[in-house]
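Basis for what follows: all heavy atoms, side chains included, without hydrogens, waters or symmetry-related copies.
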Amino acid sequence: MGSSSPSPSPEPPQSSAPAGGASNASLRWHILRRALLSRSASPHASEGTSKDPQEKGDTNKISRKTSRGFNLIKCHTVPISQLNKSQGDSLNRNENGVECQRDVCVCYKLPCDGSPELNVIYRRDDSLELNDIEASNRFNIDTTGLVCCWPSEEVLAFYCINHSDMFRSKRVLELGAGYGLAGLVIAASANAGEVIISDGNPQVVGYIQQNMSINAKTFGQTKVKPMTLHWDQEQASDMLNSFDIIVASDCTFFKQFHQSLAWTVKSLLKHSETSQAIFLSPRRGDSLNKFLETIKEYGLCYELIENYDPTVWNLHESYVAGDDTSWPNYNEEHCYPLLVRITFGHFD
């Protein structure tokens, strides 16, 4: 914890190319080219997709975009048309511009009492567009929330199900929620008093709003709200020091946001012995360690836990050892989230 070693890049350079394949830099350019040309109306668009099986395999291994998660919660795809029948026209386009033509719906069956189901709408794979990048630059936000449901978010949701008692009757905030799986899971399974699911990207918040609407009957008496929340902006007075629990997943990657993220946690978490923030984040080079250093600078205490759930840990070990080869680009630094508990007081 709190490493002071020289700062490597967020994605550590790898000195050798995949055996028999192109260099890592070349493969990353292939990934970018394939993504851009796949949306092109040009007759040359097909050039963006390699017909070389070796190259395809190499790009899948070098890509940091996950091809899968830990598969901790059973799920299956539901046709958007099926949801349209039960939700009326609300899925065709909402006020935030979410369009079902580029979306997919995943139905999760939660492993808890009553086995409630959640329908979560995501963007389809490789559907990020240039206007998303333009919005990112305009609002000083990133687009990672639109890319996919990252493994850390799935693990956070699973962890929250297995520790649902800690949320009972509490006011809960999810930061950098992306499509909001963890916050939706808490609202559906933990009998929380209130759950606010937030992100800094207005497009992402549009998806959160939609996902809350289609699952409203699953939340019981729990109040659930979406929120556009920027970590570097002053928060409303009714938000300050008002949350019993803050949760977040994979939010420590960008070092330029570390100070504002730490300040947000300190500003919004209740000054109480029982209040805490639960972060799940991979190391990603030295980014997690740098965030932990920032946490200490802001007078907060933290506990870093590597093995926090036997199911997740056993899957992680099987991927690392190569016993399970179903996740070919699994990389401990980038895929396995460590648990960070943040509080105002010291740990026993």
Side-chain angles (χ1 to χ4, degrees), residues 1-19 21 23-25 27-28 31 56-73 125 142 144-145 147-160 162-163 176 178 181-182 247-255 257-258 261 277-295 302-342:
M1 297 184 292
S3 170
S4 59
S5 59
S7 218
S9 63
E11 295 194 6
Q14 301 177 26
S15 58
S16 61
S23 69
N24 289 335
L27 290 170
R28 291 191 187 282
I31 293 171
K56 284 185 177 180
D58 288 347
T59 54
N60 285 338
K61 289 178 181 178
I62 201 66
S63 173
R64 292 306 183 197
K65 179 180 180 294
T66 179
S67 58
R68 55 166 285 151
F70 289 87
N71 288 338
L72 298 164
I73 305 175
D125 285 347
D142 65 81
T144 54
V147 174
C148 64
C149 179
W150 296 91
S152 298
E153 175 81 357
E154 178 202 13
V155 175
L156 176 60
F158 185 73
Y159 179 87
C160 292
N162 291 334
H163 297 81
L181 177 61
V247 298
S249 63
D250 217 344
C251 285
T252 65
F253 175 46
F254 296 105
K255 296 175 187 176
F257 299 145
H258 282 179
L261 177 56
I278 301 292
F279 277 47
L280 277 164
S281 293
R283 287 194 183 276
R284 294 189 180 274
D286 69 342
S287 64
L288 179 58
N289 284 339
K290 292 296 185 183
F291 175 69
L292 297 179
E293 290 176 2
T294 304
I295 283 292
Y302 70 84
E303 178 183 23
L304 182 64
I305 306 172
E306 186 175 20
N307 183 354
Y308 46 85
D309 183 276
T311 300
V312 178
W313 181 254
N314 289 338
L315 285 169
H316 162 65
E317 288 197 313
S318 68
Y319 295 139
V320 170
D323 298 331
D324 187 334
T325 60
S326 61
W327 195 340
N329 62 339
Y330 185 84
N331 178 289
E332 181 174 2
E333 285 267 312
H334 292 264
C335 297
Y336 182 71
L338 305 178
L339 188 145
V340 181
R341 289 181 61 219
I342 304 169

field: Spatial distance of atom CD (E317) from atom CG (D324) [nearest 0.5 Å]
entry: 13.0 Å
message: Working note: Y336 + V320, criterion side-chain contact (heavy atoms from CB on, under 4.5 Å); need CA distance, chi angles, decisive distance, verdict.
response: CA-CA 10 Å; Y336 182 71; V320 170; over 6 Å; no
- request: For residues W313 and E306, determine if any side-chain heavy atom of one lies less than 4.5 Å from a side-chain heavy atom of the other.
  value: yes
- prompt: Any side-chain heavy-atom pair from S249 and V155 closer than 4.5 angstrom?
  reply: no
task: Please work out which of the three classes, parallel, tilted or perpendicular, describes the rings of Y330 and H316, given edges at 30° and 60°.
output: tilted
message: Please evaluate residues L280 and L338 with respect to the criterion side-chain contact (heavy atoms from CB on, under 4.5 Å), reporting the C-alpha separation (whole Å), side-chain torsions for both, the decisive distance (0.1 Å), and the verdict.
response: CA-CA 5 Å; L280 277 164; L338 305 178; over 6 Å; no
field: Beyond-backbone contact of F257 with T252, side-chain heavy atoms, under 4.5 angstrom
entry: no
task: Look only at the side chain of S318 and the backbone of L315, and say whether a donor-acceptor pair between them is shorter than 3.5 Å.
output: yes
field: Separation of Y308 OH from I278 CD1 (nearest 0.5 Å)
entry: 11.5 Å
Beyond-backbone contact of V340 with L288, side-chain heavy atoms, under 4.5 angstrom: yes
query: Can you tell me if E154 uses its side chain to pair, donor with acceptor, with the backbone of C149 under 3.5 Å?
result: no
Backbone of L339 reached by a side-chain donor or acceptor of Y159 within 3.5 Å: no
- prompt: Could you state the interatomic distance from CG (D250) to CG (L156), rounded to the nearest 0.5 Å?
  reply: 10.5 Å
query: Ignoring hydrogens and geometry, is there a side-chain-to-backbone donor-acceptor pair from E153 to L181 under 3.5 Å?
result: yes
message: Has H334 got a side-chain atom pairing as donor or acceptor with P282's backbone, closer than 3.5 angstrom?
response: no
query: Any idea how Y319 and F70 line up, ring-wise: parallel (<30°), tilted (30 to 60°), or perpendicular (>60°)?
result: tilted
- request: With the side chain counted from C-beta on, respond yes when W150 and P337 share a heavy-atom pair under 4.5 Å apart, and no when they do not.
  value: no
query: Of K290, R283, R284, which meets side chain to side chain contact (heavy atoms under 4.5 Å, CB included) against D286?
result: K290
field: Side-chain (E303) to main-chain (I342) donor-acceptor, under 3.5 angstrom
entry: no
message: side-chain contact (heavy atoms from CB on, under 4.5 Å) for F279 and L261? Distances and angles first, verdict last.
response: CA-CA 11 Å; F279 277 47; L261 177 56; 3.7 Å; yes
